[in-house]
Amino acid sequence: MSTVTVDTSRLGPPLVALVGNPNCGKTALFNLLTGSRQKVANYAGVTVERKEGRLQLPSGRRVALLDLPGTYSLAPHSPDEQVTCDVLAGRFDGERRPDLVLAVVDATRLARQLRLVLGLMRMGLPVVVALNMTDLARARGHVVDADALSAALGVPVVSTVAVRADGARALLERLDLPAPAPVAAGTRGGDALADDHRRVRDILRQLGLDSLQAHAFSDRADRVLLHPVAGPVLLLALLFVVFQAVFAWAEAPMGWIESATAAAGDALGALLPPGLLRSLLVDGLVAGLGGVLVFLPQIVILFFFILVLEESGYLPRAAFLLDRLMGGVGLSGRSFIPLLSSFACAIPGIMATRTIQNPRDRWVTIMIAPLMTCSARLPVYALLIGAFVPARSVAGGLELQGLVLFALYAAGIVSAIAVAWLVKRFGTRDRRQTLMMELPDYHWPSLRNVAIGLWQRVLIFLRRVGGVILALTVLLWFLASFPAPPAGATGPAIEYSFAGMLGHLLLPLFEPLGFNWQIAVALVPGMAAREVVVSALGTVYALSATADDTAQALAPLIAAQWSLPTALSLLAWFVFAPQCLSTLATVRRETGGWRAPLLMAGYLFGLAWLAAFITYRIAQACCP
Ligand SMILES: Nc1nc2c(ncn2[C@@H]2O[C@H](COP(=O)(O)OP(=O)(O)OP(=O)(O)O)[C@@H](O)[C@H]2O)c(=O)[nH]1
Ligand SMILES: [Mg+2]
């Protein structure tokens with residue numbers, strides 16, 4: 001038998017892969033080298049996909065750089081580690097084997113990280129070691145001698161600080177030199193691990209680093225933050241402060257955006273003659289988009305807290321605190337970070353489930369991720385709370401509005417716990433695994449990283465407003481303006497339009513929940529993105545206004561037109577409804593079939609309808 005080998009390494013620039021333990025700074029280095037803005041955070045398992053970037057070396061040579069998910073060993077335990085191992089073995093679909101492995105190691109946690117380097121060397125690929133986080137190591141008083149380490153390992157070692165602008169200069173120069181020859185393979189099989197262990201111990205002793213000390217501050221902080229009683233109390237208090245801040249701090253900037261929108265609407269209204277164009281711009285765009293834009297400050301505040309928590313290293317601690325609670329419903333603390341990411345958006349949350357080893361746990365976590373309140377629900381919640389919940393303090397200075405928001409988030413979490421419990425109770429049984437999770441040292445969040453992260457969230461939000469929300473608002477304006485009312489019609493034109501017909505068609509389904517036809521209409525484009533419901537309501541109500549009404553802010557308008565039970569019922573609907581097609585598409589991709597997304601849509605719509613129905617009935621009985 002003859003085999004033909006094709007040397008694909010000659011296609012395109014040399015491929016360099018960043019490989020290392022989770023949280024050692026691979027992505028930070030990738031961003032520094034390529035100028036990308038991939039997500040960096042202080043916990044294991046941030047990167048779950050391969051990402052490619054380009055960089056130019058000082059000599060002008062170009063290199064393709066791959067950022068990969070972190071891995072503890074070269075025998076993958078979870079879908080994200082599998083990606084890294086497949087790329088290294090040249091088994092990854094559509095990817096050639098890397099020409100060089102850039103093994104990133106955290107200088108403050110050398111022992112385990114060096115074992116992975118030895119494993120990488122055994123794969124027969126040329127290896128260069130980036131000794132990262134040397135700033136933190138130095139601050140703790142251990143200076144790792146890169147040359148001595150290089151001599152001991154037999155591969156080049158370069159010190160880096162991935163969070164400093166010039167922290168990779170030496171590395172760039174090293175990449176410009178010819179790749180080192182692969183080191184001859186040593187022992188293989190079971191003996192190799194024991195061998196590596198011994199070798200790493202010897203190297204550390206040789207470098208005078210065998211007594212690396214734990215981070216004293218992290219230890220002290222954890223004595224309080226991981227305390228079985230104080231820990232959960234502090235976690236709860238922290239979450240509470242976040243929700244209070246979302247309302248309290250956003251008030252002023254929301255006021256500015258509101259007045260700017262109103263001024264823009266007035267100016268356009270005065271400038272343009274009455275007619276279709278004025279209606280499209282004033283009732284469609286300004287009323288619709290302005291209605292969503294006003295929630296930007298609240299989103300920024302929420303993300304500020306999320307980013308600070310991510311950067312500080314507190315997140316995996318919260319996972320650890322909640323492990324016992326999550327064990328009660330058949331999940332482990334591993335599900336915590338994917339679920340927490342779902343507060344931003346269910347899509348990265350569902351992607352982050354790739355770090356979960358147990359396939360059943362991963363499936364359940366995916367199924368409950370949409371119950372976490374994503375930031376697209378925030379505008380809907382904030383609109384209804386602003387319109388129906390008075391802004392006053394209750395019980396010792398707590399803001400009532402923040403309290404209601406907290407309750408809505410809690411409702412999502414409690415429901416997720418209930419669903420997971422039901423799956424455990426009636427689904428397949430599985431032996432519970434203990435949580436093994438590395439706790440990173442605490443860092444001060446870097447202001448620059450937080451600022452970049454916030455700016456990216458702002459861009460994402462604005463892109464949504466200018467993209468899908470704009471498109472759907474225009475579409476809805478069209479549906480709500482045509483066909484024109486028949487001659488002699490008395491009501492607002494929208495009643496006779498396509499949107500009006502659609503609303504009345506859907507009414508039987510939603511009437512038992514206390515929704516009127518305007519809400520029913522708004523829910524339809526809201527399937528594409530939840531915030532669209534807010535812009536859609538803005539447009540529908542602007543067009544429902546009779547000619548002599550001037551355009552009004554949406555909140556007071558619905559406050560006057562809806563009953564409290566209707567508002568509460570709509571809030572309950574949004575806690576559950578899977579009003580997001582991109583989430584369902586992601587679930588299909590991650591589970592590889594239609595079963596999971598269909599099941600998800602079905603069970604969430606069922607729950608949404610039921611919850612809204614019950615809320616409406618109870619509210620009607622209590623405050624008719
Ligand atoms: N002080 C300091 N912090 C660093 C350095 N490199 C990375 N960090 C921080 O370490 C944390 C982890 O960095 P990431 O780049 O997300 O790590 P990663 O290896 O990509 O992690 P995974 O994607 O989870 O495998 C972040 O908080 C970074 O800001 C460094 O050289 N010095
Ligand atoms: Mg990463």
Side-chain angles (χ1 to χ4, degrees), residues 17-34 36-53 65-73 76-85 87 101-110 112-113 116-117 129-140 144 146 158-171 215 217-218 306-316 319 334 337-338 341 348 351-352 354-356 437-453:
L18 286 159
V19 186
N21 280 183
N23 209 40
C24 63
K26 296 174 296 299
T27 305
L29 206 53
F30 178 83
N31 287 348
L32 181 65
L33 291 170
T34 63
S36 322
R37 294 269 164 91
Q38 295 301 328
K39 185 178 165 86
V40 167
N42 189 12
Y43 60 87
V46 180
T47 309
V48 294
E49 284 184 295
R50 66 170 278 288
K51 282 270 162 22
E52 189 172 338
L65 193 64
L66 271 189
D67 183 23
L68 293 171
T71 181
Y72 288 111
S73 75
H77 292 103
S78 53
D80 61 331
E81 291 191 352
Q82 184 79 50
V83 172
T84 302
C85 296
V87 168
V101 171
L102 192 51
V104 185
V105 298
D106 172 351
T108 65
R109 302 189 165 212
L110 273 182
R112 184 192 288 169
Q113 314 225 342
L116 182 69
V117 175
V129 173
L131 183 64
N132 193 37
M133 308 223 185
T134 43
D135 56 331
L136 297 178
R138 191 176 298 268
R140 283 186 221 163
V144 186
V158 189
S159 299
T160 57
V161 181
V163 289
R164 209 176 280 155
D166 65 346
R169 195 178 313 138
L171 178 63
H215 190 213
F217 174 79
S218 293
I306 293 184
L307 286 167
V308 168
L309 287 180
E310 281 183 350
E311 268 290 290
S312 66
Y314 180 69
L315 283 194
R334 277 224 177 267
I337 287 177
S341 311
M351 306 261 301
R354 291 186 188 184
T355 57
I356 300 176
M437 204 178 222
E438 193 173 21
L439 296 181
D441 293 332
Y442 289 104
H443 293 179
W444 281 114
S446 117
L447 218 58
R448 186 165 167 273
N449 280 355
V450 173
I452 290 178

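FYI, side chains are in, hydrogens and waters are out, and symmetry mates aren't considered; it's all heavy atoms of this structure. Counting starts at 1 for both ligands and their atoms, following the listed order. Treat the numbers as computed from the prediction; the structure is a model and nothing was measured.
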Quick one: do L65 and L18 satisfy side-chain contact (heavy atoms from CB on, under 4.5 Å)? Show the steps, please.
CA-CA 7 Å; L65 193 64; L18 286 159; 4.0 Å; yes
Less than 3.5 Å between some nitrogen or oxygen of V46 and one of ligand 1, yes or no?
yes
Any side-chain to backbone donor/acceptor pair from N132 onto C24? Under 3.5 Å, distance only.
yes
Could you tell me, atom by atom, which parts of ligand 1 come under 4.0 Å of a heavy atom of G45?
24 (O)
Is there a polar contact between ligand 1 and T134, counting only N or O atoms under 3.5 Å apart?
no
Where is the nearest protein heavy atom to atom 10 (O) of ligand 1: which residue, which atom, and how far?
M133 CE, 3.4 Å
d(R164 CZ, S446 OG) to nearest 0.5 Å is 12.0 Å
Main-chain N/O of Y314 paired to S312 side chain as donor or acceptor, under 3.5 Å
yes
What protein heavy atom sits nearest atom 4 (C) of ligand 1, and how far away is it?
V163 CG1, 3.6 Å
Relative to ligand 1, is H443 under 4.0 angstrom through side chain, backbone, both or neither, heavy atoms considered?
side chain
N23 and ligand 1 - part of the residue with a heavy-atom distance under 4.0 Å:
both
Contacting atoms of ligand 1, where contact means under 4.0 angstrom from a heavy atom of N449:
29 (O)
Atom 19 (O) of ligand 1 has as its nearest protein heavy atom K26 NZ, 2.7 Å
Counting from 1, what ligand 1 atoms have a heavy atom of A41 closer than 4.0 Å?
11 (C), 12 (C), 16 (O), 26 (C), 27 (O)
Determine whether a donor-acceptor pair (N or O, by modelled atom type, separation under 3.5 Å) exists between the side chain of K26 and the backbone of N21.
yes
OG/S218 to NE2/H443 distance, rounded to the nearest 0.5 angstrom?
7.5 Å
Among protein heavy atoms, which lies nearest atom 23 (O) of ligand 1, and at what distance?
T47 OG1, 2.7 Å
Return the residue, atom name and 0.1 Å-rounded distance of the protein heavy atom closest to atom 17 (O) of ligand 1.
G25 N, 3.1 Å
Decide if atom CZ of R138 counts as having more than 12 heavy atoms of other residues, nucleotides or ligands within a radius under 6.0 Å.
no
Shortest non-hydrogen contact from A107 to L110?
O-CG, 3.7 Å
What is the distance from atom CG of L33 to atom CG of L102, rounded to the nearest 0.5 Å?
7.5 Å
Please confirm whether the backbone N or O of G167 pairs with a side-chain atom of T160, one donor and one acceptor, at under 3.5 Å?
no
Atom 20 (O) of ligand 1 - nearest protein heavy atom and its distance
T27 OG1, 2.7 Å
Which atoms of ligand 1 have any heavy atom of A44 under 4.0 Å away?
24 (O)
Report, rounded to 10°, the angle at the Mg ion (ligand 2) between the two atoms OG1 (T47) and OG1 (T27).
90°
Could you grab the distance from atom CD of E311 to atom CG of L447, nearest 0.5 Å is fine?
10.5 Å
Please list the nearest protein heavy atom to atom 6 (N) of ligand 1 with its residue and the distance rounded to 0.1 Å.
N132 ND2, 3.0 Å
Nitrogen or oxygen of C24 less than 3.5 angstrom from that of ligand 1:
yes
Which atoms of ligand 1 have any heavy atom of V40 under 4.0 Å away?
13 (O), 14 (P), 15 (O), 16 (O), 26 (C), 28 (C), 29 (O)
Side chains of T27 and T47: any donor to acceptor distance under 3.5 Å?
yes
Select one of side chain, backbone, both or neither to describe which atoms of P440 lie under 4.0 Å from any atom of ligand 1, heavy atoms only.
neither
Any atoms of ligand 1 less than 4.0 Å from a non-hydrogen atom of G70? List them with their elements.
25 (O)
Any N or O on A162 sitting closer than 3.5 Å to an N or O of ligand 1?
yes
I need the atoms of ligand 1 closer than 4.0 Å to a non-hydrogen atom of A28, numbered in the order shown.
7 (C), 15 (O)
Do L136 and D441 have side chains that get closer than 4.5 Å, going by heavy atoms?
no
How long is the gap from OG1 on T84 to OH on Y72, to the nearest 0.5 Å?
12.5 Å
Can you tell me which portion of D135 lies within the under-4.0 Å heavy-atom range of ligand 1? Options are side chain, backbone, both, or neither.
side chain
Are any non-hydrogen side-chain atoms of V48 and T355 less than 4.5 angstrom apart?
yes
Looking at ligand 1, does any of its N/O atoms fall within less than 3.5 Å of an N/O of E311?
yes
Per-atom contacts of ligand 1 with Y43, taking only distances under 4.0 Å to non-hydrogen atoms
24 (O)
